[in-house]
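Proteins get letters first, then strands, A, B, ... in listed order; numbering begins at 1 in each.
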2 protein chains.
Amino acid sequence: MDTTQRTEQQRSADRRRRELLEAADRVVLRDGPQASMNAIAAEAGITKPILYRHFGDKGGLYAALAKRHTDALLDSLRAALDAPAERRERVEATLDTYLAAIEARPQVYRFLMHPAEGSSGDQGFDVGKHSVPLLRRMGEELAQVIEDRLDLGPGSQQLARVWGHGIVGMMHAAGDWWLGERPCSRAELVRSLADLLWGRLAAAGDKMGGPGF
Amino acid sequence: MDTTQRTEQQRSADRRRRELLEAADRVVLRDGPQASMNAIAAEAGITKPILYRHFGDKGGLYAALAKRHTDALLDSLRAALDAPAERRERVEATLDTYLAAIEARPQVYRFLMHPAEGSSGDQGFDVGKHSVPLLRRMGEELAQVIEDRLDLGPGSQQLARVWGHGIVGMMHAAGDWWLGERPCSRAELVRSLADLLWGRLAAAGDKMGGPGF
DNA sequence: AGACTCGTGTTACCGCTAGTAACATGCACG
DNA sequence: CGTGCATGTTACTAGCGGTAACACGAGTCT
């Protein structure tokens, strides 16, 4: 009875937890990254302390919420990355998948990327410790794929990690800028970025005299 | 006399403004991005409303403070970008300059990159509107250099802008990750990133059967 | 001289936030 | 029946960004 009861309660708690996360999701979709704990609690039809009992603090709620979307996005990216096609096509598909995701749900994207966690405490503040986990996870994941699939010679592991984080950062910054200004279509952006990764920067000729950029 | 008086007052106000900015600088260096207006006012030996009379709101103070460091960093980057050397060397010098800067003053860097402006208001929240200005400025600047110096054929302006923001994002993300984990020396990181930009990703061979990444 | 303005500074407050303590209620187990 | 235990509430703290209202000193006009 003890174990059954326990699982029963556990399941109930998990269900409640999921409900709360969905409510939080709705609020974030509506209000963006500044969604307050009060607003989320109200949306869920309860009050703050319950939220805190479930998630500890705002960071905990943020982490749980972020994990959902991050996992979902990473699944899509993995699928694009593992599709049966040429390397260039895969890269383009992956870029396009990411860009389509941030285009479809910009509010969620903002929440994930710019949590705006400026609260008290955190006096020590180790640099990079509170950095956005989505970018890091994408970077590490991509690094793994690169290392697994590419023959990079000696020092391949470190090279792959640098590239993983670098490419993810490129995708992120370009996407952020593109989302704000919409200077071109998604396909054009994808193609331009892939061209950059394919070495067109180094291959391009100088425009005028002297050594070009 | 009116004009003289006016300039006198203006100079006095400017001096005070600079003093306040330096105090803010000190606090940010000490407390990181969560530096509060109260703390900055206390450091400057005054109280909050004066700060607000000078800078309007926290965003104004942030903007003024950011402009200083951003301008300084951009000057360094321009210098590295304009040095008389081969393209690859310039790229490496620029990357190294940026990384050296964030390595030397990580707190300031965090303040510039992650301002954590989560306050009230801003209900509308247009995506990308409040994005980090340093990254954008660096991206635009780099885009200009690329467009000026490289022969990219048709659509060169858009391509240059995409690349500018993409490269800056790559540099930023890789630098952020590197600063947190320190997995290698600065020189190694610079070399790896330059290799990425030079197309080694596309040139690398597959490791096992089937089409590689 | 006296009144008037203006920049500089203060205290005391508002509304908001994250987070918590203390108290109430329902429900299963001995 | 009473005893835990989870769930829920109200009411609070401390601190934030931001502001209104008041006070003082210096220069100016009549």
**Q.** Lys58(A) NZ - dC16(C) C1' separation (whole Å)
**A.** 12 Å
Q: List in chain and number order the residues that pass salt bridge (Lys or Arg N to Asp or Glu O under 4.0 Å) with Asp57(B), two or more places apart in sequence or in another chain; answer none if no residue qualifies.
A: none
Q) Does anything in residues 91-102 of chain B pair up under salt bridge (Lys or Arg N to Asp or Glu O under 4.0 Å), and if so which pairs, sequence neighbours excluded? A) Arg88(B)-Glu92(B), Asp96(B)-Arg186(B)
Q. For Arg182(B), what residues pass the side-chain hydrogen bond (donor to acceptor under 3.5 Å, both in side chains) criterion, not counting sequence neighbours?
A. Glu103(B)
Q | Main-chain N/O of Arg137(A) paired with Glu140(A) side-chain donor or acceptor, under 3.5 Å | A | no
Q: Kindly write out the residues that satisfy ring-ring contact (aromatic ring centres under 6.0 Å, His included) with Trp177(A), not counting sequence neighbours, or none if the list is empty.
A: His165(B)
**Q.** Length of the CG-C1' vector between Asn38(A) and dG15(C), whole Å
**A.** 12 Å
Q: Rounded off to whole Å, could you give me the CD-to-C1' distance for the Gln34(A) and dT17(C) pair?
A: 12 Å
Q) By salt bridge (Lys or Arg N to Asp or Glu O under 4.0 Å), which residues pair with Lys48(A), not counting sequence neighbours? A) none
Q.
On the nucleotide dG8(D), are OP1 or OP2 found under 4.0 Å from the side-chain N or O atoms that Arg16(A) carries?
A. yes
Detail all sub-3.5 Å separations between protein N/O atoms and N/O atoms belonging to nucleotides 9-12 of chain D.
{"residue": "dT9(D)", "atom": "OP2", "partner": "Thr47(A)", "partner atom": "N", "Å": "3.0"}
{"residue": "dT9(D)", "atom": "OP2", "partner": "Thr47(A)", "partner atom": "OG1", "Å": "2.4"}

(Q) Arg200(B): which residues meet the salt bridge (Lys or Arg N to Asp or Glu O under 4.0 Å) condition with it, sequence neighbours left out? (A) Asp195(B)
Q | Gap between atoms OH and C1', on Tyr62(A) and dT17(C) respectively (whole Å) | A | 19 Å
Q. Can you check the His54(B) NE2 to dT10(C) C1' distance for me, whole Å?
A. 15 Å
**Q.** Aromatic centroids of Phe55(A) and Tyr62(A) separated by under 6.0 Å
**A.** no
Q: Would you work out how much the helix from dA1(C)-dT30(D) to dG30(C)-dC1(D) bends between its ends, with each end axis defined by five base pairs, to 10 degrees?
A: 30°
Q) Over how many whole Å does the gap from Leu61(A) atom CG to dT17(C) atom C1' extend? A) 15 Å
Q.
In whole Å, I'd like the distance from the OH atom of Tyr52(B) to the P atom of dT8(C).
A. 18 Å
Q. Salt bridge (Lys or Arg N to Asp or Glu O under 4.0 Å) with Glu22(A): which residues, sequence neighbours excluded?
A. Arg68(A)
Q | Length of the CE-P vector between Met37(A) and dG15(D), whole Å | A | 20 Å
